[in-house]
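Here's the structure we're looking at; comments come further down.
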Amino acid sequence: MKSFVRLTLAGMARSCVRGHRSALSLPMLLLFFSATLCFAANPVLIGSKKFTESYVLGEIAKRTLNETGIPAEHRQGMGGTIILWEALRGGQIDVYPEYTGTIAQEILKTERQLSVQEIRDALTKFGVGMTEPLGFNNTYALVMRRNEAQRLGIRTIGDLGKHPELKIGLTHEFLDRRDGWQPLRQRYSLPQLNIVGIDHALGYAALAKGSIDVKDAYSTDAKIAENDLVALADSFDFFPKYDAVFLFRTSLRDDAIGALRGVAGTLDEARMVRLNAEAERTKNYTKAANLYFQNAAGSAVTAGESFWQKLVRWTLRHLELAGFSLLLSIITGIPLGILASRGGAIGNMILGFAGVMQTVPSLALLALLVPLPFFGISVRTAITALFLYGLLPIVRNTASGLQDIPRSLRESAIALGLTPAARLWQIYLPMASRSILSGIKTSAVINVGTATLAALIGAGGYGEPILSGLNLNDHVTILEGAIPAALLALIVQWSFDLLDRVLIPKGLRL
Amino acid sequence: MKSFVRLTLAGMARSCVRGHRSALSLPMLLLFFSATLCFAANPVLIGSKKFTESYVLGEIAKRTLNETGIPAEHRQGMGGTIILWEALRGGQIDVYPEYTGTIAQEILKTERQLSVQEIRDALTKFGVGMTEPLGFNNTYALVMRRNEAQRLGIRTIGDLGKHPELKIGLTHEFLDRRDGWQPLRQRYSLPQLNIVGIDHALGYAALAKGSIDVKDAYSTDAKIAENDLVALADSFDFFPKYDAVFLFRTSLRDDAIGALRGVAGTLDEARMVRLNAEAERTKNYTKAANLYFQNAAGSAVTAGESFWQKLVRWTLRHLELAGFSLLLSIITGIPLGILASRGGAIGNMILGFAGVMQTVPSLALLALLVPLPFFGISVRTAITALFLYGLLPIVRNTASGLQDIPRSLRESAIALGLTPAARLWQIYLPMASRSILSGIKTSAVINVGTATLAALIGAGGYGEPILSGLNLNDHVTILEGAIPAALLALIVQWSFDLLDRVLIPKGLRL
Amino acid sequence: MSALVQLLAVAKRYADAPALHPTDLSIERGKTTVLIGPSGCGKSTLLRVIIGLIPPDSGTIDFDASQITPVNIEMLRRRIGYVIQEGGLFPHLTARANILLMARHLGKSDEEMHARLLELCELTRFPENLLARYPLELSGGQRQRVSLMRALMLSPELLLLDEPLGALDPLVRASLQKDLKEIFARLCQTALLVTHDLAEAAYFGDDIVLMNEGRVVQQGSITDLRERPANPFVSEFINAQRSVALA
Amino acid sequence: MSALVQLLAVAKRYADAPALHPTDLSIERGKTTVLIGPSGCGKSTLLRVIIGLIPPDSGTIDFDASQITPVNIEMLRRRIGYVIQEGGLFPHLTARANILLMARHLGKSDEEMHARLLELCELTRFPENLLARYPLELSGGQRQRVSLMRALMLSPELLLLDEPLGALDPLVRASLQKDLKEIFARLCQTALLVTHDLAEAAYFGDDIVLMNEGRVVQQGSITDLRERPANPFVSEFINAQRSVALA
Ligand SMILES: Nc1ncnc2c1ncn2[C@@H]1O[C@H](COP(=O)(O)OP(=O)(O)OP(=O)(O)O)[C@@H](O)[C@H]1O
Ligand SMILES: Nc1ncnc2c1ncn2[C@@H]1O[C@H](COP(=O)(O)OP(=O)(O)OP(=O)(O)O)[C@@H](O)[C@H]1O
Ligand SMILES: [Mg+2]
Ligand SMILES: [Mg+2]
């Protein structure tokens, strides 16, 4: 089961890394398009794409803003280019890291190489601004083992022409692309025939073993540093520029724009490679981002978002999800329960409906809501699903609690001349309070549990570390979410028990 | 969400097809290792691997047995070779389709080509028997467009040597295997350098477009017929034999063994290709298997398992899962609720425990149980998870129902001199019956819903069509499971309402 | 003075047997009508029909000259005080809250309520310090007095009292009888009282109604019943009560 | 004859006030002890302490010469019949099932139970055809008689009766009093009876115990109480009950 989830997420992550400049995959759209938050929107919202480097840049932007005293939140790994771009234009995020080449090709849809200024001008009409390049160019590169390259005296791609015996392993994507192997070979008049298609990840292993001598890579890939490889210079500027920049909404507060602009020109390729390597080694993007600030400022001022800060954030969000949906369940569940307590066709219909809601497993409930116009991938959807899910215990217990009130007391209330509303509020509901509260407690606990699934649609909460832990195959991270979730359930349980003392009238507890 | 699941399953299916002779993937082991059934074991249990041809052969075996009057069940797509083999040896299944080459290499772990008799002798000591080959050899093959092959006069692999200009696209697996491209090229002294690595599925498209001229394939791949390709003869018998056979436990009843032996020699390659194509086109393995019987017997006797038969099977299994777990929840939940009703530390602990169980979302609960020794991937695990999941509403409502009994009646029961047990059974429980039943109803409905997740660990029920529909991206199939599940919830709901009339004493309903 | 409540051919049957045969009865304004009769003869049923807890199968009931319907019953109930036989105190409310429930609902002022409460406590000899207790913390007689106070709280036009003093000791009972009778006379209170104590019936009853098996057997003063019994059952019933005068 | 039940310095207080000051009391074998006193004086509390529903704060209770402990109370309860003041009928059981509950539990034979049931119905003038009804379908007096039958069913050694006849009409009450007194005499039944009816107390009571504010004020025959009152309260209490003899 665990492996099942892990496999999936790992698979997604992989496919995202490989195609990160062009991928618009439906599942990712559905899954990781982060919440159009319906409440609390003060902080600057930073988005990132679903691969390591984008995460790290997002963290850097966040800490940069925080250090300027601007509150910022980072929605990690929301999806591919188009998702991020649409989110930025739609105002769901304010900032995200992008690459100039990607902007030209994917967003502005041009074949030409555009200058930074041309790009900036074109973006203005979308209400989007762009910083100067951050300092590194994450484009394609051909890489070799450093010692081999030195031994053979190969520094540029052109130098490969002198060594037709070298075995070249290329990813299929690179073999296929119109700016890939074929035109490159022509541009540099390379004689090589010794080409094999090989998976990107496997390629590094093959390179290390010596089964191949040259492979394609992204120029800031952490693996380059890890495997002591060297990227060959693209002396003819064959590969388009993929300079990293931050895109932001022009409506963003000026101090925030200023702070982001400050990052421009401070991150060269070597540094980015090191940050990426750190992120992949420690599985901690914040830590990697902190490296940037350490070297820049010369000292580590803060440790970024500490575990406790994250815990607080998850907890608040989890409470928000479970609490808000519970509130909805209560305020609709009790009236429905009152109706249901009268029995008859309406009562059966209400209980039937709530039952069917409980039957549709939480995942399916999310799946059914996501395609609907109002819902989509949002906190709204998560809360609605949780709300529907928590309905049954409240409805049913309200009904059974009311039906259990002795007839003599019901008649007393009627004979007194109380209006039906007063009877309900002052007599029936207090007398059924134990049963109703018991339903609410069940519902609360169910909601706390099911809310962990909300992270699947980017709604956050304890599900976030659980999913991210499954993704990184990191058990500690999983437990960082799972243990607090279980504790929260216990706390909810016990605090409701305390509430019993307040809400169940003393006369009923004698 | 839906896409999320679909992606995963599709991904799994793909990886299984590609590596079906050698794959032992942990997730598959965890996921599709079918249930060690703890109840009802009369029928012959047939397993199959997770790819089309194996499914179809499993269906053929099943119908063959059924037509001989032997009850048989088919557990589809349990996993890879090792899983099926271990399941057969462990007695969890009685029969499964296998290939001689796979038996030699993966199971008997020999490099040599073994004769059918040698294999059979070797298997005997494991208590496993083998039929004669069914009639087709599903090995590697090189395939070409039929017209091109005819135009160039290419019939055998050796003929390729005369046309070095042909572009050859090979899967990476085939490029890497020790019985793959390199030795083949040497064996047939092929001059070709024009080799590209290409994904298996994409390769067919490339072949159709003419981007490549030759590719590797399994000799019974449905795509061969679909794309009007021709497999080149392996005149040097380079590829090992992968003759399809049925493996069975030698303890299997004789008539069943006889029936299976009857299939031997009746399925040639062309026929198998057609069945596979039918299965992939209609997404219905039973229908494909029926084709075999039509041609063999000259007429379609039965239509295999009709939708209604399947519905009955799913329903029974779903009822078994939900019913059995509900029963467990009731017989542990009520005593726990009684304890909890006394309050104090024990009461809090019990409610806390049941609450934590509810908090751990159903999937995670399955994930936590699967690694434990006693559980693993089995119906047991599903039932245990459902049982734990259904506990809270019963425990809590039992407790609150008991606490709501008026003091004067509790004292009457004590003063009468009834023993504590008699008080409980004759007075307290009947008086709390409305509340307890309301908890049981909530629990039942939750269980019916959550039981659909049990299909993830192969435990069957309505989750089976839902998952399989998600896999095949076939909405009708999804609904075939989703609608009955919702209906079942309603029926459960309403039949419990009827039960109320029996179980809630009349004196309490006045 | 006309009748405050007028029953015309009111009948009620439960599943298996009639509890009330068609019955005519008028409750005169300003008088105390006492309902007596053997256990199970339909006294409580009659009261429950009047206050609309159970709908009569047939017949009509007029209150203050207008017919009681499901529409106006809600408002009429506020003009009626009812002491249910079982007490019917709400367990989740203290004695005080039980008594003040309806007054609070109608938005009476605190001083007014407090003054009336003290008056009632004195009348029923109910210790004020017990007002904060819940019904489960009171003795049977104390509960009965709380019920009575609840019914009297709003000075209703009509009082329906179903054995309101049954669980009281002779001391409290005697003085309560005296006080109630005085108050009833002073305020011209209309009341329908069910009792099993013939002495009590005689003491209160301007008009005594003797029922048996769902029918009114005889209506009149205690002297009428004693000296001009309608049938042997009446004499038997009237003479049954053992006097405290000992041999 | 020695005492069947012997209370020694038994006291009980609730949160805010003592309900029972240290009290000595002996209930003689074969006699009917009658407990009287104002509402809230602790009569029900005394009964509930004896049958072990509430543990006394101090003091000991002996039953049949052995001290009552939490261990033996369970078995002792089967030798005691108790009519609770509120009735305490189980709403989910019919009148018949309520009465037979304990007998069934002890595995009595059907004939034996049926015979006893008929006997009891006759004694209490309870119509047999109502036995199949649930408590909610009975009148107040009918319920009280069902409670009484339940307590008498097993012919217990000790009967604790908390106002068992309060809701009964004079007719039934008078004949029931007569029959009960005869039976008690014939069977040498030990009984502790709480009542508010002094006539009833005098009729039954070999021994009358008058309580006030949690203390026994005087114990003796009705003549003792009437003619040799321990203090003014006794005379006041004894003379309070209005006689049926009218002005
Ligand atoms: N659970 C309780 N908590 C606090 N006080 C209580 C509780 N139960 C009874 N009391 C008080 O104890 C006193 C004695 O009560 P008890 O029921 O014994 O009176 P009683 O003599 O039976 O009166 P009655 O004739 O009205 O039934 C009363 O003042 C009552 O209010
Ligand atoms: N819900 C019911 N279903 C069936 N029969 C009922 C129901 N309620 C009352 N009865 C019967 O109707 C008859 C009249 O009952 P009612 O309560 O009016 O008697 P009552 O005169 O108040 O008697 P008591 O003096 O004992 O209180 C009784 O025989 C009773 O058993
Ligand atoms: Mg009555
Ligand atoms: Mg009492």
Side-chain angles (χ1 to χ4, degrees), chain A residues 330 334 337-338 341-344 346 394 397-441 496-510, chain C residues 44-45 47-55 70 72-107 132-138 143 146-147 150-154 156-162:
Chain A
I330 293 174
I334 293 181
I338 293 167
S341 75
R342 314 222 166 120
I346 292 183
I394 297 181
N397 272 27
T398 303
S400 80
L402 290 174
Q403 287 167 346
D404 263 344
I405 296 174
R407 195 187 60 182
S408 66
L409 296 178
R410 266 203 303 262
E411 291 191 345
S412 285
I414 297 172
L416 266 181
L418 286 172
T419 57
R423 287 206 289 269
L424 197 62
W425 280 103
Q426 300 187 32
I427 312 295
Y428 301 158
L429 289 181
M431 288 198 63
S433 56
R434 196 195 309 272
S435 179
I436 296 175
L437 272 169
S438 146
I440 291 178
K441 275 189 269 184
F496 268 101
D497 285 349
L498 289 181
L499 215 62
D500 275 5
R501 310 252 161 102
V502 184
L503 290 179
I504 298 183
K506 177 162 173 271
L508 293 180
R509 282 180 284 117
L510 291 173
Chain C
S44 299
T45 304
L47 264 60
R48 284 150 52 85
V49 167
I50 291 175
I51 201 160
L53 286 177
I54 46 180
N72 63 17
I73 181 70
E74 182 98 15
M75 291 313 298
L76 290 181
R77 282 189 188 126
R78 303 199 178 160
R79 298 163 64 185
I80 305 177
Y82 176 48
V83 177
I84 191 173
Q85 195 171 4
E86 292 87 14
L89 293 183
F90 301 119
H92 64 292
L93 299 177
T94 59
R96 182 195 310 277
N98 263 290
I99 299 168
L100 298 184
L101 184 63
M102 199 57 204
R104 284 221 174 99
H105 182 61
L106 297 179
R133 293 218 186 141
Y134 288 96
L136 275 176
E137 296 171 329
L138 296 173
R143 279 204 286 270
V146 174
S147 301
R150 189 170 70 175
L152 293 173
M153 182 69 200
L154 290 175
E157 282 169 63
L158 172 65
L159 270 176
L160 301 176
L161 305 170
D162 203 344

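Below, read A as the first sequence line, B as the second, and so on, with proteins coming before strands; counting in each chain starts at 1. A quick note: this is a predicted structure, and the numbers were derived from the prediction, not measured.
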Practice task
Sort A/T419 into side chain, backbone, both or neither according to what part of it lies under 4.5 angstrom from a heavy atom of chain C.
Solution key: both

Practice task
Please determine, among C/I84, C/L101, C/L154, the option with the most heavy-atom pairs under 4.5 Å with chain A.
Solution key: C/L101

Problem - Partner set under side-chain contact (heavy atoms from CB on, under 4.5 Å) for C/I54, not counting sequence neighbours - result: C/K12, C/Y14, C/T45, C/R48, C/V49

Problem - C/R150 NZ/CZ over C/F90 ring centroid, <6.0 Å and within 45° of normal - result: yes

Practice task
Applying side-chain contact (heavy atoms from CB on, under 4.5 Å), name anything that partners A/T398, two or more places apart in sequence or on another chain.
Solution key: A/I334, A/I338, A/I394, A/L402, A/I436

Practice task
With salt bridge (Lys or Arg N to Asp or Glu O under 4.0 Å) as the test, would you mind laying out the steps for A/D500 and A/K441 before giving the verdict?
Solution key: CA-CA 10 Å; A/D500 275 5; A/K441 275 189 269 184; 3.0 Å; yes

Problem - Contacts of C/I73 that satisfy side-chain contact (heavy atoms from CB on, under 4.5 Å) - sequence neighbours left out - result: C/I68, C/R77

Handout entry: C/L76 side chain reached by C/R79 side chain, heavy atoms, under 4.5 Å
Key = yes

Exercise for the section: Please flag which part of C/L106 lies under 4.5 Å from any non-hydrogen atom of chain A: side chain, backbone, both or neither. Expected result: neither

Practice task
Assess the side chains of A/Q403 and A/S341: does a donor N or O sit below 3.5 Å from an acceptor N or O?
Solution key: no

Problem - Within residues 406-414 of chain A, residues adjacent to chain C where the heavy-atom gap is under 4.5 Å - result: A/R407, A/S408, A/L409, A/E411, A/S412, A/A413, A/I414

